[in-house]
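I have placed the structure first, in the form of structure tokens, so that the comments after it can refer back to it.
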Amino acid sequence: MGLYNCATKNALCEEIMDIETVLSRAVVQVEKEEELRRLLRAGGRDGRPLRVKLGFDPSRPDLTLGHGVVLRKLRQFQDMGHQAVVIVGDWTAQLGDPSGREGARTPLTAAEVRSNAQTYLDQFFTVVDREKSEVRWQSEWFGQFTLADVFQLGYEKTVAQMLKRDDFEKRFARGSEIYISEFLYPLLQGYDSVAVHADVELGGTDQTYNLLVGRELMGARGMTPQCILTMKLIVGLDGAQKMSKSLGNYIMLTADPNDMYGKIMSLPDDAMMAYFEGLTYVPDAELRGFAAGMVDGTANPRDIKMRLAYEIVREFHDLAVAEAAQDAFRRQFQESQWPTEMPAFTLSAAMPIVSLLPAAGLAKSKSEARQLITQGGVYLRPEGSAGPTVRLTDVNAVVPAVAGAELRVGRLKFVRIVTE
RNA sequence: GGGCAGAUACCCAAGCGGCCAACGGGGACUGACUGUAAAUCAGUUGGCUUACGCCUUCGCAGGUUCGAAUCCUGCUCUGCCCA
């Protein structure tokens, strides 16, 4: 067919990708599915590539694997020859979004927004093809907006309609606060679609309402409303809530391979399938096999999870790196060996262990250090990797300044002592 | 505009004059175990202290009291009801 051209380094991609897979893999809902399928088969609209919109909020510049699902989908459209239209929500970010629960109402300055957006885009384009992307800033059009224009937008939806959006409905029912400005966000975001003439917009299921508003605003202006594709958001490491930086259950899109691999291994078993679907090219048939194997007990969830971690690292880094991460994981966690690479801490003179741990970033305070020692979570290799490992149980122990000695707290924190 | 509720540690949520560094749940951390950095079980979870204690916390600012998260006054913020 030749429609799909995998520009990624993953061979599995060539194997499975086609229009139907793009329309179904990790997808929850497609609004105007037939139309979209037809446009994809035709390779565009009126002989031009489709304009596939994805917006982002530059007040949170850090991308997680949760974003990865949507970014990969956008990339798949690009691989079929279409145009990504990336909206930088600089205007709304400068207003300050009140919807964050941590009172993240602080508006950003223009300079902060620009710098955040840059950080964001740098990560963004590790997945999305920069060459086939058009980056647009909201201020291009909202900068011209007058109060009258805002009023006009306000007449496009009623309060009752707004309250149909899931999170508004819940918060209203619960008696939580909802700010007037929050009602503006779907309208502004919808207007973005008008401004850039989007053919398709992508988003997580939490964006469904906003994407639909985009369709309405376009239709009301005599444009062909955009098609919509919403995707299953992956849950975070807690296996329950959606992955987000503020909940602390995230893996950074740019996480280093060992960290990425290990964190995926800490995922609850039943969250794995959504990750496979959204973040790898492992074929559906194989995934069904995994699921069946776990149900009838013929497959070890651990092995499947290792495959998942491997595939995801391969996807966001590459094959060789994924191999290395897998080896490192086996050594460190299955064979309980200490890692070969660890951060250095400069120690120029002997120091009590309770002072050393916080100083080296291995504990938050001396009190915590004492607790860790009492709990048996502190280990020392006075001679480095060649020598024995001792568990420190004496709160009053003093660690001498010996270069090459290694210190470990719990399973994850290590430090190698350096003298100067 | 008027009335009524509420604001507690990372989150939720008890406490309503001393027994409160503050019940309980979640999360996080440590340990044991293990098929995994999963699950399960146990412990820890403000800071300082050679643990006898000391210091700082319960929206903000004052006040009453030997003593306040708990009572009073003002302020800020949120929700509900009436207009």
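A note on names: the letters A, B, ... follow the listed sequences, proteins ahead of strands, and every chain is numbered from 1.
For the C1' atoms, the distance from B/U57 to B/C10 is 15 Å, rounded to whole Å. Comparing B/C72 with B/C4, their P atoms are spaced 14 Å from each other, to the whole Å. Distance noted for atom C1' between B/G67 and B/C33: 49 Å (whole Å). Spacing between B/C11 and B/G62 at atom C1', rounded to whole Å, works out to 31 Å. Taking the C1' atoms as reference points, B/U8 lies 30 Å from B/G2, given to the whole Å. For the P atoms, the distance linking B/U76 with B/A21 amounts to 33 Å, nearest Å. With both ends at atom P, the span from B/G46 to B/C29 equals 16 Å, rounded to whole Å. Atom P of B/G74 sits at a distance of 32 Å from the matching atom of B/C23, rounded to the whole Å.
Here the side chain of A/Pro268 is nearest to one of B/A37, B/G31, B/A38, namely B/A38. If you check B/U44, B/A32, B/A38 against the side chain of A/Gln375, the one that comes closest is B/U44. Minimum atom distance to the side chain of A/Gln371 is reached by B/U45, of the listed B/U36, B/A37, B/U45.
Looking only at distances, a side-chain donor or acceptor of A/Arg75 sits under 3.5 Å from a matching main-chain atom of A/Val127.
Between A/Asn300 atom CG and B/A39 atom P there is a gap of 15 Å when expressed in whole angstrom units. The CZ-C1' distance, from A/Arg331 to B/A37, rounds to 16 Å in whole Å. For the pair A/Tyr261 OH and B/A37 C1', the computed distance is 11 Å after rounding to whole Å. To the nearest angstrom, C1' of B/A28 lies 13 Å from CG of A/Leu237. Straight-line distance from the CD1 atom of A/Ile373 to the P atom of B/G31: 13 Å, rounded to whole Å. Here B/A28 presents its P atom at 12 Å from CG of A/Leu412, a figure rounded to the nearest Å. Rounding to whole angstrom units, CG of residue A/Leu392 and C1' of B/G31 are separated by 16 Å. Rounded to a whole Å, the CZ atom of A/Arg411 is 6 Å from the P atom of B/U30.
Nucleic acid contact for A/Gly262: base, since at least one base atom lies under 4.0 Å from a heavy atom of the residue. Heavy atoms of A/Ile264 sit nowhere under 4.0 angstrom from any nucleic acid atom. Looking at heavy-atom distances under 4.0 Å, A/Tyr379 makes contact with sugar-phosphate atoms alone, never a base. Across all strands shown, A/Arg330 has no heavy atoms under 4.0 Å from either base or sugar-phosphate atoms.
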Pairwise N/O distances under 3.5 Å, protein to nucleotides 48-55 of chain B:
unit_1: B/C48; atom_1: OP1; unit_2: A/Lys366; atom_2: N; d: 3.1
unit_1: B/C48; atom_1: OP2; unit_2: A/Lys366; atom_2: N; d: 3.4
unit_1: B/C48; atom_1: OP2; unit_2: A/Ser367; atom_2: N; d: 2.8
unit_1: B/C48; atom_1: OP2; unit_2: A/Ser367; atom_2: OG; d: 2.6
unit_1: B/U49; atom_1: OP1; unit_2: A/Lys366; atom_2: NZ; d: 2.8
unit_1: B/U49; atom_1: OP2; unit_2: A/Arg370; atom_2: NH2; d: 3.3

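Taking a cutoff of 4.0 Å between a charged side-chain nitrogen and a carboxylate oxygen, A/Glu216 and A/Lys157 qualify as a salt bridge. Taking 4.0 Å as the cut-off between side-chain N and carboxylate O, A/Arg25 and A/Glu277 do not count as a salt-bridged pair.
Sparse packing is recorded around CD of A/Glu341, with 12 or fewer heavy atoms of other residues, nucleotides or ligands lying under 6.0 Å away.
When Watson-Crick and G-U wobble pairs are counted only if both distances are under 3.5 Å, B/U30 pairs with B/A42. Across every strand in view, B/G6 sits in a pair with B/C77 that passes the Watson-Crick or G-U test at under 3.5 angstrom. Using Watson-Crick or G-U wobble geometry with both donor-acceptor distances under 3.5 Å, B/C23 finds no partner in any strand shown. Under the Watson-Crick and G-U wobble criteria, each requiring two contacts below 3.5 Å, nucleotide B/U64 is left unpaired.
For the residue pair A/Asp129/A/Gln78, the side-chain donor-acceptor check at 3.5 Å is not satisfied. A/Gln189 and A/Gln207 form a side-chain donor-acceptor contact under 3.5 Å, judged by distance and modelled atom types alone. Side chains of A/Thr205 and A/Lys232: a donor-acceptor N/O pair is absent below 3.5 angstrom, by distance only.
Separation of atoms OG (A/Ser193) and CD1 (A/Ile228) is listed at 8.0 Å; rounding is to 0.5 Å.
Nearest-nucleotide mapping onto RNA chain B: of A/Gly377 and A/Phe333, the residue sitting toward the 5' end is A/Gly377.
For A/Asp269 against B/U36, a side-chain-to-base donor-acceptor contact under 3.5 Å is present.
In this structure, the side chains of A/Arg136 and A/Val85 come closer than 4.5 Å at one or more pairs of heavy atoms.
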